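Proteins come first, then strands; the chains are lettered A, B, ... in the order of their sequence lines, and each starts at number 1. Keep in mind it's a predicted model, so treat the numbers as computed, not measured.
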Amino acid sequence: MAKEITPRAENYSQWYLDLVNKAELAENSAVRGCMVIKPYGYAIWEKMQAQLDRMFKETGHVNAYFPLFIPKSFFSREAAHVEGFAKECAVVTHYRLRNDPDGKGVVVDPEAKLEEELIIRPTSETIIWNTYRNWIHSHRDLPILINQWANVVRWEMRTRLFLRTAEFLWQEGHTAHATKEEAIEETLKIVNLYADFAENFMGIPVIKGIKSENERFAGAEDTYCIEGLMQDGKALQCGTSHFLGQNFAKAFDVMFSNRDGMLEHVWATSWGVSTRLMGALVMAHSDDNGLVLPPNLAPIQVVIVPIYKNQEEFNRISARVAEIIPRLKARGITVKFDDNDNRKPGWKFAEYELKGVPVRLAMGPRDLENDTVEVARRDTLTKQSLPAENIDEVVESLLKEIQENIFKKAKAFRDENIRKADTWDEFKTLLEEKGGFISAHWDGTTETEIKIKEETKATIRCIPFDEKSGTGVCIYSGKPSQRRVLFAIAY
RNA sequence: CGGGGUGUGGCGCAGUUGGUAGCGCGCGUCGUUCGGGACGACGAGGCCGCUGGUUCGAGUCCAGUCACCCCGACCA
């Protein structure tokens with residue numbers, strides 16, 4: 001009652017904002033475009049971080065940290081890169097404040113102007129490749145497989161919590177290789193890792209593919225990506241992995257002696273996922289009652305709500321709950337016993353639904369009498385009374401089932417929303433009436449891509465790896481097409 | 001940067017032809033409640049975004065200014 005969520009059907013983007021606010025994931029801050037990630041939201045992000053970090057390390061990567069500031073001159077080294085990021089860079093020009101001579105407060109000290117202005121990193125390729133120059137001399141120094149967890153700043157015109165903020169958190173991997181093949185292999189390895197993470201951990205089905213030239217990362221030879229579909233039929237890029245060729249090695253003069261004693265430029269990759277995944281998580285699974293969290297990402301997997309009329313009853317319930325909790329914990333389940341006396345059970349039920357807690361156990365006088373527990377699952381909003389005896393075992397398998405069910409549901413939705421269009425009219429109609437991904441032939445030119453975008457707002461999300469449609473004719477230009485690509489309106 | 005809108009207790013809002021600020025939620029205390037967001041009683045809480053002007057008197061009218069939100073152009 002106190003916390004009403006706008007239904008999705010009424011206003012999807014308001015629904016999203018309501019959820020982010022009311023589930024206490026994040027809020028707007030005093031700084032335009034920057035968000036405060038609140039403890040509950042941050043706990044989910046930490047779960048993502050922990051799993052990704054594990055996966056990176058399993059594949060031989062190590063963490064390091066590079067500076068927040070990047071000398072302006074570094075930026076101009078790689079032409080495409082500067083072109084891509086110049087318009088959204090925050091710049092540090094001074095290093096000192098002083099008291100305002102005309103009154104109260106402080107002003108920038110004009111005498112403290114920096115010799116060389118510093119860019120606040122929008123991404124770290126330049127500072128990292130400038131550093132790698134000193135680290136790489138021989139093929140024996142390669143590969144370098146480094147990841148960093150960091151914040152970056154991109155001065156966006158319009159922002160939305162998690163989906164697009166001026167400052168965001170992410171991880172950026174930056175690897176250096178002796179051969180092109182090895183670098184491409186790395187790029188692909190990571191896009192596969194991201195897809196595995198998105199699907200098996202976050203429960204979000206994604207399409208792996210390659211970006212068109214127009215959508216490619218500034219400074220990359222190829223950009224691979226995973227694309228997800230949100231419940232409103234818009235696509236969301238969930239992660240990217242770039243094959244950078246020798247572009248940054250050339251820009252920063254990073255060379256190594258190969259086995260034959262010849263000097264060669266180093267091959268590079270970079271890849272990242274960001275707090276945007278939080279937005280994907282919300283928009284992929286949640287409903288009008290609140291968040292729906294896959295158990296793998298839920299800060300609280302099981303909440304236990306006691307139902308009682310008086311202290312004596314509460315004591316008896318607490319005693320029973322105290323037996324159950326260690327059994328759940330022993331199975332690696334995160335459990336919270338909400339014994340807050342200031343809230344009533346009904347309030348708690350609604351609250352934990354809003355927060356997306358996958359499983360709720362309720363225990364009251366009836367359960368004491370029958371030796372049962374009421375088990376409610378968030379994904380289906382169903383509940384049933386089950387024997388308390390083996391409840392830990394039941395909950396463990398239920399969590400697995402919920403994780404799978406959430407993914408299946410999202411996948412069914414995604415699959416239903418990939419449609420083929422063979423004519424321009426069909427394309428426009430589908431886009432307008434259904435949304436989702438549209439698989440269509442494209443002549444491969446940037447001109448056509450841009451025209452389609454101008455006329456429909458749809459962009460090429462990717463050329464899927466597993467696209468086997470064969471040749472055809474472009475829906476827009478009628479020219480020959482090598483294969484179908486996926487279009488969508490994207491976040 | 002264009003177009004639109006909003007600034008009033010913590011949050012959401014009302015405030016008429018200018019007359020000294022009110023409602024809901026939340027908050028505090030007490031009591032009754034407790035298996036799907038309980039109820040009653042009492043209570044605390046407001047330089048009305050900021051600056052200047054008109055006026056006997058401004059939340060209200062005028063001018064300026066700042067901030068934020070929404071819609072576009074740019075983007076993970």
Side-chain angles (χ1 to χ4, degrees), chain A residues 1-6 11 13-14 17-18 21-22 27-34 83-89 122-123 151-172 194 211 214-218 220 223 225-228 235-242 270-280 289-290 305-311 313-314 317 339-355 360-370 372-376 381 383-385 453-454 457 459 461 490-491:
Chain A
M1 220 92 91
K3 295 183 176 178
E4 276 180 30
I5 297 171
T6 306
N11 183 342
S13 71
Q14 191 56 50
L17 291 174
D18 282 355
N21 273 317
K22 290 173 181 168
E27 63 188 36
N28 280 312
S29 71
V31 184
R32 163 203 287 268
C34 295
E83 168 78 18
F85 286 105
K87 286 164 286 181
E88 48 187 24
C89 285
T123 179
N151 59 337
V152 289
V153 169
R154 297 182 186 175
W155 212 262
E156 300 290 348
M157 305 272 188
R158 290 191 57 205
T159 59
R160 289 182 78 193
L161 293 171
F162 291 119
L163 296 174
R164 175 164 294 106
T165 45
E167 179 192 19
F168 58 90
L169 306 185
W170 76 345
Q171 56 70 215
E172 46 180 326
Y194 283 160
K211 286 289 186 187
N214 187 242
E215 295 279 327
R216 192 183 287 162
F217 175 75
T223 289
C225 64
I226 52 169
E227 292 284 328
L236 183 75
Q237 180 173 301
C238 293
T240 47
S241 179
H242 316 291
S270 71
W271 28 273
V273 297
S274 72
T275 37
R276 176 180 250 200
L277 286 177
M278 293 288 295
N289 296 307
V305 177
I307 295 154
Y308 55 94
K309 287 190 171 65
N310 51 51
Q311 188 64 38
E313 213 163 70
F314 174 74
I317 290 163
D339 59 357
N340 182 350
D341 190 43
N342 296 321
R343 298 292 184 196
K344 299 181 57 192
W347 192 94
K348 291 175 182 175
F349 292 174
E351 183 66 13
Y352 291 110
E353 256 160 39
L354 176 60
K355 292 277 181 74
R360 182 185 72 233
L361 304 180
M363 187 178 280
R366 283 207 302 269
D367 296 298
L368 285 180
E369 208 170 296
N370 306 325
T372 56
V373 181
E374 185 189 81
V375 181
L381 293 169
K383 56 187 181 183
Q384 59 185 135
S385 232
K453 186 181 177 181
E454 279 169 0
K457 287 180 186 163
T459 50
R461 301 321 302 154
Y491 274 98

Is [X] touching bases, backbone alone, or none of the nucleic acid, heavy atoms closer than 4.0 Å?
X	value
A:Gln237	sugar-phosphate
A:Thr372	nothing
A:Phe168	base
A:Thr240	nothing

[N] to [M] separation - [atom1] atoms, rounded to the nearest Å:
N	M	atom1	result
B:G12	B:G36	P	31 Å
B:G43	B:U60	C1'	31 Å
B:U17	B:U54	P	24 Å
B:C66	B:C23	P	36 Å
B:A76	B:C34	C1'	48 Å
B:G31	B:G49	C1'	42 Å
B:G15	B:A73	C1'	39 Å
B:G46	B:G22	P	13 Å

Spacing of [X] atom [atom1] relative to [N] atom [atom2], expressed in whole Å:
X	N	atom1	atom2	value
A:Leu163	B:C74	CG	P	18 Å
A:Leu161	B:C69	CG	P	9 Å
A:Arg160	B:C69	CZ	P	13 Å
A:Tyr491	B:C74	OH	C1'	18 Å
A:Gln14	B:G12	CD	C1'	12 Å
A:Ile5	B:C25	CD1	P	20 Å
A:Asn21	B:G10	CG	P	18 Å
A:Glu27	B:G10	CD	P	15 Å

Check: [X]/[Y] side-chain N/O donor and acceptor closer than 3.5 Å:
X	Y	value
A:Thr372	A:Asp367	yes
A:Glu167	A:Asn151	yes
A:Asp341	A:Tyr308	yes

I want to check one thing: is the phosphate of B:C68, taken as OP1 and OP2, less than 4.0 Å away from some side-chain N or O of A:Arg32?
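Yes, within the criterion.
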As a test of reading the structure: which of B:A76, B:C74, B:G36 is closest to the side chain of A:Met157, going by heavy atoms?
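Among B:A76, B:C74, B:G36, the one nearest the side chain of A:Met157 is B:C74.
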B:G36, B:G35, B:A76: which one has an atom nearest the side-chain heavy atoms of A:Arg154?
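Nearest to the side chain of A:Arg154 among the choices is B:A76.
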Nearest-nucleotide wise, let me know which of A:Glu88 and A:Ser13 is further upstream toward the 5' end of RNA chain B.
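Taking each residue's closest nucleotide, the earlier one in sequence belongs to A:Ser13.
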Is it the case that B:G35 (base atoms only) and A:Lys383 (side chain only) share a donor and an acceptor within less than 3.5 Å, ignoring hydrogens and angles?
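Answer no: no donor N or O sits under 3.5 Å from an acceptor.
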Using 0.5 Å steps for rounding, measure from the CZ atom of A:Arg154 to the CD atom of A:Glu88.
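It comes to 6.5 Å.
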Quick one: which protein N/O atoms are closer than 3.5 Å to N/O atoms of nucleotides 29-34 of chain B? Pair and distance per line, please.
unit_1 : atom_1 : unit_2   : atom_2 : d
B:C34  : O2'    : A:Tyr308 : O      : 3.2
B:C34  : N4     : A:Lys309 : O      : 2.9

CD (A:Gln14) with more than 12 external heavy atoms under 6.0 Å:
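Count over threshold, so yes.
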Where does RNA chain B pair, written as one dot-bracket string 5' to 3', with Watson-Crick or G-U pairs under 3.5 Å, ( ) inside the strand, [ ] for crossing pairs and | for another strand?
(((((((..((((.....[..)))).((((((.....)))))).....(((((..]....))))))))))))....
Do you know the tightest heavy-atom contact between [X] and [Y]?
X	Y	result
A:Phe85	A:Pro122	CD2-CB, 3.9 Å
A:Ala280	A:Leu236	CB-CD2, 3.3 Å
A:Ala166	A:Arg32	CB-O, 4.4 Å

State whether A:Phe162 and A:Arg276 meet the cation-pi test: NZ (Lys) or CZ (Arg) under 6.0 Å from the six-membered ring centroid, and within 45° of the perpendicular axis.
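Checked: cation-pi criterion not met.
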Does the separation of the ring centres of A:Trp347 and A:Phe349 fall below 6.0 angstrom?
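Centroid distance A:Trp347-A:Phe349: not below 6.0 Å, so no.
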Sole residue of A:Gln237, A:Glu215, A:His242 in side-chain hydrogen bond (donor to acceptor under 3.5 Å, both in side chains) with A:Thr223
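Single pass found, and it is A:His242.
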